[in-house]
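Okay, so here's the structure we're looking at.
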Amino acid sequence: MTTIDLPPNLDDTASVSEGLASTTGAGPDRAFRGLAVAAGVTVLVVLALITYSTTKSAWPAFSKYGSSYFFSTDWRPNSKQFGILGFVWGTAVISFIGILLAVPTSIGIALFATEVAPQRLRRSITTVMDLLASVPSVVFGLVGFYVLRNPLQDLYRWLGDAVASIPLLNRIFGQDGSGISLLTAGIVLAIMITPIITTVTREVFETVPRNDKEGALALGATRWEMVSGVILPHSLGGITGAVMLGLGRAMGETIAVTLLIGAVANPEITIDVLSPGEAMPAAIARKLPEAAGDFRAALIGLGVTLFVITMVVNVASRRLVDVVDRRLKGAA
Amino acid sequence: MKNRKGLAWLIAVLAVLSFLAAACGSDSDGASSSNGEGDSTTTAASSEGPDTSGYADLSASLDGQGSSFQDTFQQQVSSDFNGLVSDAGGSAAVTYTKTGSSDGKKALADETVDFAGSDSPIKEEEMASFGDREVLYFPLVGGPITVSFNLEGIDTLNLGPDTIAKIFQTEITSWDDEAIAADNPDVDLPSTPVTVVHRSDGSGTTKNFTKWLTEAAPDTWTLDSGEEVEWDAKTTGAEKSTGVTAVIKDTDGAVGYVDLADAAKEGLTVAAIGNASGDFVDPTPDSASAALGAADIADDLTYDPLNADAEGAYPITSPTWMLVDKVQADEATAESLKAYLAYVLTTGQEQAKTLLYAPLPAELAEKAVAQIDEITVG
Amino acid sequence: MTATTAADRSVAERLTVPSDVRVSTIKGGRFVRDRIATIAMIAAFVAAAIPLVFVIGNVVARGASVVTPSFLTSDIPTTASASELKGDCELRQRYDPTAVCEEAAAPAVKPGMGPAVIGTLITTAVAALLAIPLGILAAIYLHEYGKRTRLARFIRFMSDVMTGVPSIVMGIFIYTLWVLQLGAGRSALAASLALACLMLPIVVRSSEEMLRLVPNTLREASAGLGARTWKTTLRVVLPAALPGLVSGSMLAVARAAGETAPVLFTIGAATTVARATTLTGQSTTLSFQIYNLITNGGKLSPQMAWGAALTLIAIVLILTTIARTVSQRFTMR
């Protein structure tokens, strides 16, 4: 065995020389590697099991009702009719409202954090976003249910009356609003996904080359012109990815939505956002504990459908964010 | 240095929030203390001393789950019973968890609980999971399902089965409809539109209410019966009885079906219902007990008090049972079960009325008490 | 587009007024638009901060008077609903004309959340024990062994995708597999499994990021001294990455502690501390209780729900703060 003069100040002298002493370390290394591979593969196994187990339990509903399961709005468990389109629509509407409100806000915050805020405030913005992200879903539901329901009802009634004679708007903001509605659920979703979209958007903005930004300013552009002319076009792909990520989260959000959307048993396709509705995860949370037979299969099928939709959205968003990542690495 | 500032900021936020809390907390104190306090008299002490001589030897704890309808009653009597047992020096404790009747029966079949609470006998398709085990039904209490409504200025209303069927099928859309007026000659009915409120989650209350409609108004009611039915799109769904009572309370012209205790908690106005002998009967513990007394009791102590044909019997009365295995695996559990059942069917029945449940008629309670001896250990 | 405006002024003139360069050189409309945009950005931040302050403020204000040591350790009262009726004789007489009213006052019902506190701690801890070692090992595979191989890239992509799987799907998964297909029944363990599924991909991804931050020179030095990868990883890389791993894992734990949806169909129910002190039996959690209290109604429920919410937020914030503090230490080094 060769001996090497180790620098006296190297921290791990002992362990390294010990490692050196055993050239027969191949066995442990193979074992450790095996363990690590197994752990990595576990992720795949779990994902595969999720797909298999849920689909298997939902299969009776899929095979029995076929396309009417996905494309009918008739959800009548008592007469064994299960069409989930009404729930899908509810999820789509509240996610849309959530995105509509969260995206401008998130972009605003991210721009504020990267371009406007003084250095010392930037950390605080991160703190606020982290704290907002850490508030449990059920707590948003609690505050909405006990504190905001009545003020919102007054607000919605006023809003419904105010737009009663304006075409289209009077269909979107109907008149018999109670505080619990699609809009309330959408607003809560917006609050919950803002931290996610902000964090990713902010990272994307930080990849915009400094030279480009300074160039614009040097040419006399105002900050807003720099933002709209350089940062936003440059970040479009990344922002889209962030939005999709938020969308995936919004669609799967359960408890706050369950408490604030209104528990409609057989939701219709409506654009009245002040009316109560029902979303896919909320329907599952509400009904699955006491369901049996085909009803249970149909509810689990609702979960599988949600799983597939969020998967598609997530894969798409990852692809978009990856493109940005690669560019970031290229730049670095 | 930057990091320190971030942390300091975080602490500052928390400090401000807790200060805010202290400021606002003082005013919420006043509200909460009013219902939190009160002279603490233990309930066990107030009951008229059942025979607790054997309680010192009880050692097995009992777990039960199922029906949410009997939950309030079970919680009260089990809490009283547990107090008596521990006062006597025994170590048995009964816990009951509401998970829904079907879940309770499933848990009993799987032997994960010692008893199940159920509002319906074991169905054909549920039989298989019990194998060849024999299950005993112990009637527990009954309870009226009210038709509660909210009409400004009106605090009594007579409703017959056909009228109720029409209202809940949205065939009657305004409160001054002829059908309602015919049964209420002395009431000045407003033209307020009818808002029908129903449970949007699967529920035993929905099942019993619709089952009564199929029996009492067979020609009018077309929606069949079940834990969920195909309500008309113009009706309003609400979650659990809390949701239904909340909507009724907030909406002029609303009508819905809820258990008496739930209606009472919100102070809802309840309708007198036309029964099979043509009387209009108010939902009370006594009228429901009359319905229990009028029902045909099968040998296994199952019975159907819905639409009971007797004077003063409230027609929409739900039954509920405790289900236990006839053959128990161990001696200690069997002894605890027997003691608890004996307590529930005698002293416990006195609690029923105070919780707005209907106590069992004496005859039925006696039959149930006699059945306790059929529990064996094997 | 903007070159003409800039050209109007001499370079020297612009340099002498460094404080307000752009404002002073820009005319009406553009200036206004810039100001509006800046104000909008600030407004966006305020708009996001308001809900945070509102939510936490409300929970603290309404929950603070409820949370006492006895609240945190007592059984969940089950006779609240009964005593509400027993206590109000006037009400009973309205619905029961023959009701007998003794003068006895309503028995006091003591609010308590002990089982939920215990259940939250047990399920979250067990989920952490399952997910964190597995997640870190998987991250070690990804960063120390697999690197850019096809399998590693696939696992990396899939765990990214898995972070986006809705939490309720994790609940349904354990419900179908554990409760329906294996017939193992609802239990604290089943809930822990669902939470572990939720945590696993988060731990994998954050741990890999942390391993990436360990300078390669350390690995090279160790390898140069003859150590094999496993020894380098255990003795050099992991100690160096430890604070980051702890911080990432803590955030995952905090997320799991607050989740309701995975627990909903898997945990069952428990109302006493004695019952909830279990792994294989049914239990309950704070989040689940809050949901339950809201949907079940009752006069005592709001008070208990606020207390439970404050307790839950405290647990989550403590975990998050530990994570942030640890990670700040890490970045400072």
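By convention in this document, chain letters (A, B, ...) are assigned in the order of the sequence lines, proteins followed by strands, and residues within each chain are numbered from 1. Values below: every heavy atom of this structure, side chains too, minus hydrogens, waters and symmetry copies.
Looking at C:Leu319, there are no atoms closer than 4.5 Å to chain A (heavy atoms on both sides), in backbone or side chain. Looking at C:Leu312, only its side chain comes within 4.5 Å of chain A, counting heavy atoms on both sides. Residue contact with chain A, scored on non-hydrogen atoms closer than 4.5 Å, involves the backbone and the side chain of C:Leu134 alike. With a 4.5 angstrom heavy-atom cutoff, C:Arg186 touches chain A only via side-chain atoms. Using a 4.5 Å cut-off between heavy atoms, C:Ala40 makes no contact with chain A at all. If you measure heavy-atom distances from C:Thr38 to chain A, the contacts under 4.5 Å come from the side chain alone. At a 4.5 Å heavy-atom cutoff, the contact between C:Val204 and chain A is made by side-chain atoms alone. For C:Leu177, the parts lying under 4.5 angstrom from a heavy atom of chain A are both the backbone and the side chain.
The salt bridge (Lys or Arg N to Asp or Glu O under 4.0 Å) search around A:Arg286 returns A:Glu278, B:Glu239, not counting sequence neighbours.
Atom NZ of C:Lys231 is separated from atom CG of A:Asp29 by 11.0 Å, given to the nearest 0.5 angstrom. The CZ atom of C:Arg228 sits 12.5 Å away from atom CZ of A:Arg33, with the distance rounded to the nearest 0.5 Å. For the atom pair A:Ser134 OG and C:Ile313 CD1, the distance stands at 7.5 Å (nearest 0.5 Å).
Inter-residue side-chain proximity for C:Phe54 and A:Val147 is flagged as met; some heavy-atom pair is nearer than 4.5 Å. C:Tyr141 has its side chain out of reach of A:Val43: every pair of non-hydrogen atoms, C-beta onward, lies at least 4.5 Å apart. By the 4.5 Å heavy-atom criterion applied to side chains, C:Thr260 and A:Thr258 are not counted as neighbours. Looking only at side-chain heavy atoms (C-beta outward), A:Arg318 and C:Phe157 come within less than 4.5 Å of each other.
With 3.5 Å as the limit, one finds no donor-acceptor pair spanning the side chains of A:Ser137 and C:Glu259.
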